[in-house]
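Read through the structure below, which is laid out as structure tokens, and then see the notes.
Just so we're clear, the structure is a prediction, and the values are computed from it rather than from any experiment.
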Amino acid sequence: MYRQLMDVLGCPFCHADMRLIASDGGEKVDIGTITCTDCTKEFVIEAGMPVLGDRERMARVSDRWNEGMLTPDLYKRNLGNTRQWYDSQDEFARFVDRAAAVEGFIVDVAAGPGASFSGALVPRLPSRSHFVMTDAAAYMLHGLRDAWLDEPRDARLDFVACDCNGLPFRNGSLD
């Protein structure tokens, strides 16, 4: 995860500020913990992805996806489909273009296996943008992140495992 993500993260339970504890000092954090400064709940960063929420509840929300269904080809195909929608659907293209004009953080809640608008939007975002994909299924986000590894983009991408009923953002940190 990019350290800049800490500018908007908040406790998924009380939405207070969070404190990052990481062993590496670079712009990206691969392993560490994030602790709420108010209720002191602690969350892990695994392979560059913060897992923010109640793991049991997140597992119940994401249990409808079978890991075997989510192949690397599926993620790539879904990203490509959103690019085709952009090229063939004027209303969708207008929506993507308006979103691409946003500076700062953009959050995709329940990103799924890449069938959202991210495939069309992310390549159009400028370097000052920060796109955050969230989902309850961490394994799904790992697959989506892997699909983005060799895709051209200027914007920063982060992937946050969380339950959308308790989004991990500080109150007032996002428009």
Arg83: what forms a side-chain contact (heavy atoms from CB on, under 4.5 Å) with it, not counting sequence neighbours?
Leu79, Pro123, Trp148, Glu151
From Lys41 atom NZ to Met18 atom CE, the distance as rounded to the nearest 0.5 Å
11.0 Å
Quick one: salt bridge (charged side-chain N to carboxylate O under 4.0 Å, His left out) partners of Arg3, sequence neighbours excluded?
none
Going by the rule salt bridge (charged side-chain N to carboxylate O under 4.0 Å, His left out), which residues pair with Arg145 if we only count those two or more places apart in sequence or in a different chain?
none
If you group Ile, Leu, Val, Met, Phe, Trp and Tyr by side-chain heavy-atom gaps below 4.5 Å, do Val109 and Val8 land in one group?
yes
Hydrophobic clusters here meaning ILVMFWY residues chained together by side-chain heavy-atom distances under 4.5 Å, can you tell me if Val107 and Phe159 are in one?
no
Is there side-chain contact between Tyr75 and Met140, with heavy atoms separated by less than 4.5 Å?
yes
Qualifying residues under side chain to side chain donor-acceptor pair (under 3.5 Å), relative to Tyr86, sequence neighbours excluded:
Asp97, Arg124
Measure the shortest side-chain to side-chain distance between Val44 and Arg55 over non-hydrogen atoms and say whether it is less than 4.5 angstrom.
yes
Distance-minimising heavy-atom pair for Gly48 and Pro50:
O-CD, 3.9 Å
Connected via hydrophobic side-chain network under 4.5 Å: Leu74 and Tyr139
yes
Using side-chain contact (heavy atoms from CB on, under 4.5 Å), reason through Met6 and Met1 one step at a time and then give a plain yes or no.
CA-CA 9 Å; Met6 292 302 298; Met1 75 170 233; 3.7 Å; yes
Can you list everything that forms a salt bridge (charged side-chain N to carboxylate O under 4.0 Å, His left out) with Arg19? Sequence neighbours excluded, please.
none
For Asp150, salt bridge (charged side-chain N to carboxylate O under 4.0 Å, His left out) partners two or more places apart
Lys76
Euclidean distance, Leu121 CG relative to Ile106 CD1, rounded to 0.5 Å
5.0 Å
What donor-acceptor contacts under 3.5 angstrom involve side-chain atoms of residues 29-36, with partners at least two apart or in another chain?
none

Would you list the pairs meeting ring pair (Phe, Tyr, Trp, His ring centres under 6.0 Å) in which at least one residue belongs to residues 1-58, sequence neighbours left out?
Tyr2-His130
How about Val160 and Leu5: do any of their side-chain heavy atoms sit closer than 4.5 Å?
yes
Do the side chain of Thr134 and the main chain of Ala110 share a donor and acceptor less than 3.5 angstrom apart?
yes
Do the side chains of Pro12 and Cys162 get nearer than 4.5 Å, heavy atoms only?
no
My understanding is that only residues two or more places apart in sequence, or in another chain, count here; which of them pass side-chain contact (heavy atoms from CB on, under 4.5 Å) with Glu56?
Asp54, Arg60
For Met49 versus Ala138, what's the shortest heavy-atom pair and its separation?
CE-O, 3.9 Å
Applying side-chain contact (heavy atoms from CB on, under 4.5 Å), name anything that partners Arg128, two or more places apart in sequence or on another chain.
Glu103, Pro126
Taking C-beta and beyond as the side chain, do Phe117 and Thr82 meet within less than 4.5 Å on heavy atoms?
no
Asn78 side chain to Pro113 backbone, donor-acceptor under 3.5 Å:
yes
Following the transitive rule for hydrophobic clusters with a side-chain heavy-atom cut-off under 4.5 Å over Ile, Leu, Val, Met, Phe, Trp and Tyr, establish whether Val132 and Ile45 coincide in one cluster.
yes
Check side-chain contact (heavy atoms from CB on, under 4.5 Å) between Asp146 and all other residues, then give those that pass, not counting sequence neighbours.
Leu149
Measuring from atom CG of Leu167 to atom CG of Leu52, what distance do you get when rounded to the nearest 0.5 angstrom?
10.5 Å
Taking every heavy atom of Leu9 against every heavy atom of Pro168, the minimum-distance pair comes out as CD2-O, 3.2 Å
Would a hydrophobic clustering, with Ile, Leu, Val, Met, Phe, Trp and Tyr connected at side-chain separations under 4.5 Å, put Leu125 with Leu144?
yes
By the salt bridge (Lys or Arg N to Asp or Glu O under 4.0 Å) test, which pairs, at least two apart or in different chains, include something from residues 158-170?
Asp17-Arg170, Arg57-Asp163
